[in-house]
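A quick write-up on the structure given underneath.
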Protein chains: 2
Amino acid sequence: MPVARRPTLSDVAQEVGVSAKTVSRVLNDDGPVAAETRERVMEAVQRLGFRPNLMARHMRLGKSDTAIGLVVPDMSNPFFATVVSGIESVTHGRGLTLLVGSSAQDTERERSLVGTFLARRVSALLMAPTPTADHGYLKADRSAGLPVVFLDRPGSGLTADSVLSSNRRGAHEGTTHLIRHGHRRIGFVGDTPTELYTRRTRLQGYRDALADSGLPYDRTLVVGGHDQRTAAGATERLLDLEDPPTALLAANNFASMGAVVGLARAGRRDVALVGFDDIPLAEVLEPALTVVAQDPAAMGAAAATIALARLDGDRSRARSTEIPTRLVPRGSGELRPR
Amino acid sequence: MPVARRPTLSDVAQEVGVSAKTVSRVLNDDGPVAAETRERVMEAVQRLGFRPNLMARHMRLGKSDTAIGLVVPDMSNPFFATVVSGIESVTHGRGLTLLVGSSAQDTERERSLVGTFLARRVSALLMAPTPTADHGYLKADRSAGLPVVFLDRPGSGLTADSVLSSNRRGAHEGTTHLIRHGHRRIGFVGDTPTELYTRRTRLQGYRDALADSGLPYDRTLVVGGHDQRTAAGATERLLDLEDPPTALLAANNFASMGAVVGLARAGRRDVALVGFDDIPLAEVLEPALTVVAQDPAAMGAAAATIALARLDGDRSRARSTEIPTRLVPRGSGELRPR
DNA sequence: CTGAAAGCGCTAACAA
DNA sequence: TTGTTAGCGCTTTCAG
């Protein structure tokens, strides 16, 4: 099979019998071109199936690539998947292409992805950073004008914008909701590793709420898992304690689902539960799941909007944007201790 | 703030007092370089924070960009989100970057995304095509060697590889499961638009199963919705029919969730249900949801693997790969008609 | 209104 | 072991 070379600007020019610059003028509506010339050029473009090479264009213009890079821990996590679509809803209108990569919570891998994005000269960098990463290595690029926005978790070692959920307030609200319904022993099912920003902040909100109500903080009630299965196991172990909790706060979507499964397996419909981050079908579970809902699409959109503003020349101080969470009572949090 | 220009190869060369080519040699381990020169170059690279410009590299090499383009209808759909992570698990090891875009099921938007990807000279194109698109416009690029793989749905007007679920067999199996448990009136809750390949094929499997058991096909039992809410409404309307179904086959994840919600709202725990595509917490629903599980990660991985094989020179005929579905009985499909 | 030359940052081919 | 020249495809600059 003959592998045809892709036509270039000069191919089109030659075909029409004009110079490359003229074709360029037609394609970019740049400078005056005779109507007839324009038509002949367009015709040749059609006929040859010419598509301007964006790499060459970007290079010649000496600007960044019209792409933005995004690093998330895991694309298949519905939370981040929704964040991505929030980002895309904003970037699409601006003609920006989205480069994505999963860090799998691995600092080395995150760095390698970021390195690739930088080598591609992306216009901006959005990321949900891994817990142990130090982003000092981005300082030069930042001060060279590269917008960097941290998502879901703040970065470390670098002054940059960030977009976070109201984690502490949300966890406080969820815990208080349980306390108000009479619970005195409330378990915390978090994610791992424990250094994870969202885990730490939500744990803090939980502790604040306990303290505000004069309840003791009991470390044995704090467990964690890094996925649904391990969270379910951790939940079951909590229930097996000598003095078990009568209510649970689950600190993210996987922990929530794990807690639901753990409670179901133990046949415990009497244990109250509030989940952080909404999950599908929460309303048809029995009991229906009360959650502290995040707004991942809004988080993504906000991060993208900030990046675009920076690209448009916004040189104001780096700021942290908090996207509010919202308590959605559905039943599971309203159970009363026996 | 001084916006420092990013250092180039020549900057490094000048710094060290060698030619650009020497720096290039060091960075690409290409040709002999004196140990001492190498060291001095590396040192300068570090000090200046030099990162080779990938755009320039790709251009000079005259090859495609080391990126692959992916178009899906909706990133936030967990099915596609998981497909994406399947793709990424394969591409990451090969140093390929992933460009993504959502078509929102809009043919124009799909085309615009594909156009952008082509202008970027991506190495390969993966997409879940919109129902009404004609991909004939990709012929030239295909015969110029661009690997194109259709995902979840076959493309139209173009000979290219595709990766599909065993839709017809899966729907047949799910329906047969219901028939075996004594159901004679089985509703079909599909997605919309009705031209959608997955809807059509799964409907066909459903009809085949009915026919195989000598059951009549009743169009009034076939409804649809394009999201969970509308699917729930459609389910409720089915239940309100004069001669309502005693069992349902839901044709995708949103339809399943909608059916679950519709049944729950109607308080009908006696209606059997089999969903196509697994959903989270299916096992803790009451009754637990029986599904025809797809393997979206495997689909993504297969599509990426095929694209890579094509890049590696595989010139064999375009083929369609079927990723098997699997019936997972959990209870909701095992209910018997009253 | 149109074209010629130069150059973005990099590397292949050749020369020294 | 190193350097020089040329050119990937495009657009800017400056001349016609």
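Reminder, nothing fancy here: chain letters follow the sequence lines and each chain counts from 1.
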What is the distance, to the nearest angstrom, from the [atom1] atom on [X] to the [atom2] atom on [N]?
X: B:Met59; N: D:dC10; atom1: CE; atom2: P; result: 9 Å
X: B:Arg60; N: C:dA12; atom1: CZ; atom2: P; result: 7 Å
X: B:Gln14; N: C:dC10; atom1: CD; atom2: P; result: 14 Å
X: A:Lys21; N: C:dA5; atom1: NZ; atom2: C1'; result: 13 Å
X: A:Arg6; N: D:dC8; atom1: CZ; atom2: C1'; result: 14 Å
X: B:Leu61; N: C:dA12; atom1: CG; atom2: C1'; result: 9 Å
X: B:Phe50; N: C:dG9; atom1: CZ; atom2: P; result: 10 Å
X: A:Asp30; N: D:dT13; atom1: CG; atom2: C1'; result: 12 Å

**OP:** By nearest nucleotide on DNA chain D, pick out whichever of B:Ala35 and A:Leu27 is the more 5' one.
**Re:**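 Nearer the 5' end of the strand: B:Ala35.
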Original post:
Just wondering, do A:Val148 and A:Lys139 contact through their side chains at under 4.5 Å, heavy atoms?
Top reply: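 With C-beta onward as the side chain, the pair stays apart.
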**OP:** Write down the atom of B:Gly115, the atom of A:Arg51, and the distance for their closest heavy-atom approach.
**Re:**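 That closest heavy-atom pairing would be CA-NH1, 3.8 Å.
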Original post:
How long is the gap from CZ on B:Arg120 to CG on A:Leu54, to the nearest 0.5 Å?
Top reply: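 The CZ atom of B:Arg120 sits 6.0 Å away from the CG atom of A:Leu54.
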Original post:
Nearest 0.5 Å, what's the OG-CG distance between B:Ser156 and B:Asp134?
Top reply: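 The OG atom of B:Ser156 sits 4.5 Å away from the CG atom of B:Asp134.
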Subject >> Angle between terminal axes - the helix from C:dC1-D:dG16 to C:dA16-D:dT1, 5 pairs each end, rounded to 10° >> reply: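 Nearest ten degrees gives 40° for this helix.
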Ignoring hydrogens and angles, write down the donor-acceptor pairs under 3.5 Å from the side chains of residues 295-304 of chain A, residues two or more places apart or on other chains.
{"residue": "A:Asp295", "atom": "OD1", "partner": "A:Ala298", "partner atom": "N", "Å": "3.2"}

Subject >> Whether over 12 other heavy atoms sit under 6.0 Å from A:Glu39 CD >> reply: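 No - once you tally the heavy atoms of other residues, nucleotides and ligands closer than 6.0 Å, there are 12 at most.
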Original post:
Is atom CD of A:Gln14 surrounded by more than 12 heavy atoms (other residues, nucleotides or ligands) closer than 6.0 Å?
Top reply: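 Counting neighbours around CD of A:Gln14, 12 or fewer heavy atoms of other residues, nucleotides or ligands fall under 6.0 Å, so no.
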**OP:** Examine the base of D:dG3 for any acceptor or donor lying under 3.5 Å from a partner atom in the side chain of B:Arg25, and report the outcome as yes or no.
**Re:**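 Side chain to base: pair found, below 3.5 Å.
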Original post:
Is the shortest side-chain N/O distance from A:Thr8 to OP1 or OP2 of D:dG9 below 4.0 Å?
Top reply: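 Checking A:Thr8 against D:dG9: no side-chain N or O falls below 4.0 Å of OP1 or OP2.
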